[in-house]
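Written out below as structure tokens is the structure these notes cover.
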Amino acid sequence: MLAGGRAGGHRRGAEQEGGGAAGGRRRPGEAAGEVEYNPAPMSQPISATSVTSIRELSQHAGQEVELSGWIDNKRSSGKIAFLQVRTAGGVVQAVAGRKDVSEEAWADIERVTQESTVRVRGTVKEDKRSPIGVEIQANGFEILSLTQDYPITPKEHGTAFLMEHRHLWLRSSRQRAALRVRSEVEQGIRDFFYDRQFTLIDSPILTPAACEGTSTLFETDYFGDKAYLSQSGQLYLEPAAAALGKVYCFGPTFRAEKSKTRRHLMEFWMVEPEVAFLEFEGLCALTEEFVGYLAARILDRSKEDLKVLERDTAKLEKVVPPFPRITYTQAVEILNREGNPLKWGDDFGGDEETILASQFDRPVMVTRFPASFKAFYMQPDPENPETVLGLDLLAPEGYGEIIGGSQRIHDHDLLLSRIQQHNLPVEAFQWYLDVRKYGAFPHSGFGMGIERFVAWMTGLTHLRETIPYPRMLYKIYP
RNA sequence: UCCUCGGUAGCUCAACGGUAGAGCGUUCGGCUGUUAACCGAAAUGUUGGGGGUUCGAAUCCCUCCCGAGGAGCCA
């Protein structure tokens, strides 16, 4: 009976997804008319420069240019029209006077709709009223493809509606800004490690067993065997650290936990450095340097996007190392003092993280946790064998844990006993034990969730807007 | 999986036991510097599905479905 109920539930779930994809409400719009693309080139003077990015425009002031893009918005009166044209690099306003264009072009301007693709030709003019400093005085205009009934209008919408139309929502200014910040963060991560002679190691997505033995993993069929989508690249990074010294991986990570909060995704991106002969103090320093570098870089290179997102950058300007450090034991004392009773040995929840982070204006490092609720591979603290040399970096403003790291156990026999204590299959970890068997070395590393970091930088409250196509509990469309 | 709140026009919402409405979008008309432009007019509904209470249900009850927020778990 239970099994039958589950099967029914799954089937209904599948139908809902299918229904969402078919989009009953959207069908009539799709059937309303055939979508046409009109490739006929407009008569083009030799002098017009083809522009592929809005950012090039200011270099062409006074010149004749031509660009293709989408109508972001339009305002018009009887004799003048203002067309916001979006293409790579942003949005530029094209101003068209009725007398400045042909009759055919004016008719197209009158009927053009939001999100139609168009080609505009005109002179680049500097104008103080323009947010980007320039606009185009149009003398030619052509519709390439006329859009009808674009679902996302320039007014407010609920997030449920917007998530159903995520593929179109990406075109909105705030979404463009958030994704550009994400891209800058990812480039910053690669530059940070490249500049410090780290080698990028792509860890596998399909794995034969659970990495840490705790999380729920997505299971898949591997030619008759079970395989799992990776929840961390770390274990595969440690052998690479023996080969190359300083390594990192950066890729998607999967957790099948049925988490339904603004801080969770089923599929997210994680960057994980691993460094040979780096011990705990060095790990804390690397973590600080890394986060400080990225925050400074975003402040420097993503100003315009942060403005669109209305991010309070004063808060980010404080993200300068050194960061405050407290031990787990001190954290428990703070929580008890702040009226959030917690026994030594209990893990933090979201509320506890927020209270701890609110005590500081910079990210705070919490270190030396009880071994009981941390991963099996963490090196014991020599000053207190009940705790491990692990660190969590808690971001301010309620963004919570963005980094988790530790020094790893490098002693073969100690690691073996930990694997056994955690009831993990020793055979599956033989290769991991080999790292200690053939030239043991102290080493440390951390993992950072990209979406949480981007959410913090952008001030977005929900991870779903920090990744182009979020995968959430029971939601995988589009 | 559990708890809380919600589902009314394409969208955002109002009406809370007595004739289903507004703004935006759409269509039509007007306007030579607009910045979510503005002004005038028009069209638009199986009130999430099913069942029940009632003279009468968008409104109250039951149930299912869907969505949002949170808990646990984590990055």
Side-chain angles (χ1 to χ4, degrees), chain A residues 6 8-9 12-13 15-17 19-20 23-26 28-29 32 72-84 91 93-100 110-111 113-114 125 127-132 135 137 148-165 172-173 212 214-216 231-232 234 252-272 347-351 353 373-375 392-395 399-405 446-456 461-464 466 472-475:
Chain A
R6 274 181 183 164
R12 280 196 300 277
E15 281 165 10
Q16 283 140 20
E17 291 303 336
R25 290 187 304 275
R26 292 191 297 279
D72 214 58
N73 202 357
K74 171 179 99 166
R75 287 174 283 276
S76 74
S77 65
K79 300 204 173 113
I80 187 168
F82 305 94
L83 303 157
Q84 272 64 44
V91 178
Q93 174 164 274
V95 184
R98 182 170 197 163
K99 287 177 290 187
D100 302 331
E110 292 249 274
R111 72 188 179 102
T113 52
Q114 189 195 353
K125 261 177 47 184
D127 193 305
K128 277 184 294 218
R129 288 166 291 191
S130 164
I132 60 166
E135 59 184 26
Q137 186 65 50
Q148 278 167 351
D149 302 321
Y150 186 68
I152 302 177
T153 61
K155 285 282 175 176
E156 43 190 279
H157 299 280
T159 48
F161 175 81
L162 291 168
M163 284 308 309
E164 270 291 297
H165 297 83
S172 306
S173 60
E212 300 177 14
T214 49
S215 296
T216 316
Q231 61 159 342
S232 164
Q234 181 210 318
T253 305
F254 307 88
R255 305 275 165 94
E257 309 277 351
K258 293 190 174 174
S259 301
K260 187 178 162 55
T261 83
R262 66 181 77 189
R263 295 187 309 279
H264 290 90
L265 296 170
M266 303 299 112
E267 178 182 308
F268 65 97
W269 282 63
M270 189 154 68
V271 57
E272 297 172 273
D347 200 357
F348 306 141
D351 290 346
E353 285 181 359
F373 62 79
K374 286 289 177 183
D392 280 358
L393 186 75
L394 305 182
Y399 285 97
E401 186 185 341
I402 54 168
I403 284 182
F446 65 76
M448 183 177 87
I450 301 309
E451 289 75 15
R452 285 190 183 176
F453 186 81
V454 173
W456 174 34
T461 53
H462 202 302
L463 291 194
R464 67 187 158 206
T466 64
M472 296 181 292
L473 189 58
Y474 305 130
K475 286 182 71 178

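By convention in this document, chain letters (A, B, ...) are assigned in the order of the sequence lines, proteins followed by strands, and residues within each chain are numbered from 1.
At a cut-off of 3.5 angstrom, the base of B:U26 holds no donor-acceptor pair with the side chain of A:Gln148. On a pure distance criterion of 3.5 Å, no polar donor-acceptor pair joins the side chain of A:Glu164 and the base of B:G67.
For the pair A:Arg111 CZ and B:G29 P, the interatomic distance rounds to 14 Å; values are reported in whole Å. The CZ atom of A:Arg452 sits 13 Å away from the P atom of B:C73 (whole-angstrom rounding). Regarding A:Asn73, its CG atom lies at a distance of 13 Å from the C1' atom of B:C24, rounded to whole Å. Separating the CD atom of A:Glu257 from the P atom of B:A75 is a distance of 10 Å, rounded to the nearest angstrom. Rounded to an integer number of Å, the gap from CZ of A:Phe161 to P of B:G6 is 23 Å.
Here A:Leu265 lies in heavy-atom contact (under 4.0 Å) with a base. Using a 4.0 Å heavy-atom cutoff across all strands shown, A:Thr153 reaches sugar-phosphate atoms only and no base atom. Contacts of A:Glu267 with the nucleic acid, taken as non-hydrogen atoms under 4.0 Å apart, are absent. Within the 4.0 angstrom heavy-atom criterion, base atoms lie near A:Arg129. Looking at heavy-atom distances under 4.0 Å, A:Lys99 makes contact with a base. A:Gly158 comes within contact range of the sugar-phosphate backbone alone, with a heavy-atom separation under 4.0 Å but no base atom that close. Nucleic acid contact class of A:Ile450 (heavy atoms, under 4.0 Å, all strands): none. A:His264 comes within contact range of at least one nucleobase, with a heavy-atom separation under 4.0 Å.
Here B:U59 sits opposite no nucleotide as a Watson-Crick or G-U wobble pair (both hydrogen-bonding atom distances under 3.5 Å).
Using a 4.0 Å cut-off, no side-chain N or O of A:Lys79 falls inside it from OP1 or OP2 of B:U34. The side chain of A:Tyr474 contributes an N or O atom lying less than 4.0 Å from OP1 or OP2 of B:U1. Phosphate contact (OP1/OP2 of B:G10, side-chain N/O of A:His165, threshold under 4.0 Å): absent. An OP1 or OP2 oxygen of B:G72 is reached within less than 4.0 angstrom by no side-chain nitrogen or oxygen of A:Arg255. A sub-4.0 Å separation between OP1 or OP2 of B:G69 and a side-chain N or O of A:Arg464 is present.
Taking the side chain as every heavy atom from C-beta outward, A:Met163 and A:Arg464 approach each other to under 4.5 Å. Side-chain contact check for A:Gln93 versus A:Leu83: every heavy-atom pair is 4.5 Å or farther apart.
Closest contact between the side chain of A:Lys258 and the listed nucleotides B:U1, B:A75, B:G33 involves B:U1.
Side-chain atoms of A:His157 and A:Thr153 form a donor-acceptor pair, as typed in the model, at a separation below 3.5 Å.
Comparing the C1' positions of B:U19 and B:A57 gives an interatomic distance of 14 Å, to the nearest angstrom.
A stacked arrangement is not assigned to A:Phe82 and the six-membered base ring of B:G33, the conditions of a centre distance below 5.5 Å and an interplanar angle below 30° not being jointly met.
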